[in-house]
Amino acid sequence: MLPAATPPAISPYRSAIYIAASTLLSLTQGLGMNLIATNVAQIQGYLGATNTETTWLIAAYMAPNVSLSVALIKIRNQYGLRNFAELSIAGFVLVSLMHLFVTDLQSAIIIRFFSGVAASPMSSLAFLYMLEAFPPARKLTVAVCLVLTNISLASPLARLLSPTLLEFGQWQGLYMFEISLAFIAFATIYLLPLTPVPRAKVIEKLDIVSYLLIAIGFGCTAVVLVTGRLYWWAEAPWLGILLAIAVITVTTAVVIELNREKPLLDIRWIASREMLHLAGTILLFRLIVSEQSTVATNFFQNLGLLNEQIAALYGVMMVSMIVAGLCCAAVMKPERGPAIHAVALVFLIVGSYMDSQATNLTRPDNMYLSQALIAAAAAIFLPPAMSAGLTSALKRGPSYILNFIIVFLATQSLGGLLGTAVFGSFVTIREKFHSNVLAEHIVLSDPLVAQRVTQLANGYGRVITDKALLNAEGIALLSLQTTREANILAYNDAFFLIAAISFFALVALLTHVGFRYAAGKFMAPRVTGEIAQPSS
């Protein structure tokens, strides 16, 4: 038998070009999603809407985006990789150009919905271009580390670029930059073809039915997670209706898939102990890493700081992510996954606990170290998990890759929204609690409180001569300071909660590894003994 032909070596020049292309596609997709999400407060004036109304731009984007990967893998396999890439980028450019016609909130919401549809293939293309740059031995290690690092960079980079883009052209500056990236990505994909793969007719009629049910369920869930905190969970009846629709549609899809000979999703494998453990691990991490994207950023915004005043902190986050991602790529092997996860959790514990000591004098430079640790944790945790999941899927066959990708992306997309919703709601509840506690101690009969009211009111003594009005102004200013302190205490509670969750996750990981090690040591002598026994 002739030996199998080895794949041709990839030149360093070609690898560098494809790595750059993957980086461009990752940032194009990530910035398109984050530039609007990080500037809701700034663009609401241009659209003539409230903060709650403008948040529907995020909901409209995420509703289709969280589920489209379910369909895209089969579409790519049936119609060809080249056609998939070219049509995807052409659609992305077309939808980006549609932003030129935004005139009000309604038109913006419609276009953001189509943006979520068009952007979904971009993350898949970013993965494919990065995999193209490496030989098979490094695809599940170095390539996975680099592409996930690129995807993680999009959020801090969007906040770093936003002040300049808003100063340049306000709302138009944001989408003009997105359009520019889309055209560059368009040329890149047409100039750099991917290695073609054999086509196969894999799409069946029931696939379409199952996908539509999953898309409706995931989309409704995404809308609830984005808007629930603003309308408040128990106050808006339509939130419950959307959740009920999500449960019904996803359950129906699961029933259909369980009774198919060739299912779109192998529910039994997804529900296996191995996959549930992996999905739970990724989801838990996605929740606690929200410390950076949700809690820390909102903390500074509540202190009155703008993106340009926090720019240096975002730069520190990006540098930390790049360094951590490169280090992870250098050391990652399948057997080192638990050790890398343990390091990431230690970083999260230390960083979150440091942040939980914040005061009203805390500024971005006081959080450089803690946020660098959390950014590093975000960069090194996911690659080993994704590599382990892909390896497990490949052992069972190529069709299982779709199942794992769906699990991974669902936990990432919905997990990110869930983290924002959970910790945002937690901060709101704790702020009310601390406000009530502080208010109980603010009585004008207390000499210290009366003195503080007088000090605050004295700043307006030259313009307000009425003593009653001057005293009322002092009380109002004290109330604002009390609310600010209550917010700070609430964010400290959120930081501490994240540190505590990370600590328990670390304990669970070490316990799991310890049991596996002990079981291995216990079984090894027994197996050895059985093998050593001579046959009679």
Side-chain angles (χ1 to χ4, degrees), residues 33 36-38 40-41 43-45 47-68 70 104-117 209-256 283 286-287 290 293-295 298 301-302 409-436 483 486-487 490-491 493-494 497:
M33 178 175 65
I36 302 300
T38 58
V40 169
I43 65 177
Q44 66 185 64
L47 296 175
T50 64
N51 183 73
T52 301
E53 292 171 338
T54 311
T55 304
W56 277 95
L57 295 176
I58 304 173
Y61 183 97
M62 294 304 299
N65 189 266
V66 293
S67 62
L68 263 171
V70 178
D104 55 15
L105 179 64
Q106 289 72 26
S107 59
I109 289 175
I110 294 172
I111 291 174
R112 290 308 292 174
F113 177 87
F114 288 108
S115 293
V117 174
V209 176
S210 294
Y211 167 69
L212 290 176
L213 290 170
I214 293 170
I216 293 171
F218 280 19
C220 290
T221 304
V223 171
V224 170
L225 292 176
V226 172
T227 60
R229 180 172 58 91
L230 301 175
Y231 290 93
W232 203 246
W233 310 101
E235 299 297 325
W238 55 268
L239 291 172
I241 295 173
L242 287 180
L243 282 179
I245 293 173
V247 171
I248 293 171
T249 52
V250 173
T251 302
T252 305
V254 169
V255 172
I256 292 173
L283 179 61
R286 193 66 184 86
L287 281 172
S290 300
S293 58
T294 302
V295 186
N298 291 343
Q301 290 177 347
N302 271 276
L409 293 179
T411 54
Q412 287 299 288
S413 300
L414 293 178
L417 297 178
L418 181 61
T420 302
V422 168
F423 290 113
S425 301
F426 179 80
V427 168
T428 300
I429 294 171
R430 294 300 294 174
E431 186 273 329
K432 301 302 180 187
F433 170 79
H434 287 298
S435 291
N436 290 334
T483 301
N487 271 295
Y491 279 106
D493 291 344
L497 176 62

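Within the 4.5 Å cutoff, the side chain of Ile109 has heavy atoms near those of the Leu57 side chain.
Remark: Met62 CE to Leu225 CG distance equals 9.5 Å, nearest 0.5 Å. Rounded to the nearest 0.5 Å, atoms CD (Glu431) and CG (Asn436) are 9.0 Å apart. Note that CG of Leu230 and OG1 of Thr55 are 4.5 Å apart. Values are rounded to the nearest 0.5 Å. A distance of 10.0 Å separates CG in Leu213 from OG1 in Thr251, rounded to the nearest 0.5 Å.
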Item to check | Worked check of side chain to side chain contact (heavy atoms under 4.5 Å, CB included) between Trp238 and Leu242 | outcome: CA-CA 6 Å; Trp238 55 268; Leu242 287 180; 3.7 Å; yes
Item to check | side chain to side chain contact (heavy atoms under 4.5 Å, CB included) assessment of Thr249 paired with Ile214 | outcome: CA-CA 7 Å; Thr249 52; Ile214 293 170; over 6 Å; no
Next on the checklist: What verdict does the side chain to side chain contact (heavy atoms under 4.5 Å, CB included) test give for Trp232 and Leu239, after you've listed the backbone C-alpha separation in whole Å, the side-chain angles of each residue and the deciding distance to 0.1 Å?
Outcome noted: CA-CA 9 Å; Trp232 203 246; Leu239 291 172; over 6 Å; no
Item to check | side chain to side chain contact (heavy atoms under 4.5 Å, CB included) assessment of Trp56 paired with Val223 | outcome: CA-CA 8 Å; Trp56 277 95; Val223 171; 3.7 Å; yes
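Contact detail for Ser210 and Ala253: the closest heavy-atom pair is O-CB, 4.0 Å. The minimum heavy-atom distance between Ala490 and His434, with the atom names listed, is N-CD2, 3.8 Å. Considering all non-hydrogen atoms of both residues, Ala236 and Tyr231 come closest at CB-CB, 4.1 Å. Across all non-hydrogen atoms, the minimal contact from Ser425 to Trp233 is OG-NE1, 2.8 Å. For the pair Arg229 and Thr420, the tightest heavy-atom approach, listed with the atom from each and the gap, is NE-O, 4.0 Å. Cys220 and Ile245 make their closest contact through SG-CG2, 3.9 Å (heavy atoms, listed as atom of the first residue, atom of the second, distance).
Under a cut-off of 6.0 angstrom, the local environment of OH in Tyr211 is crowded, with over 12 non-hydrogen atoms contributed by other residues, nucleotides or ligands.
If you run side chain to side chain contact (heavy atoms under 4.5 Å, CB included) between Thr252 and each of Val250, Ile256, Val254, only Ile256 comes through.
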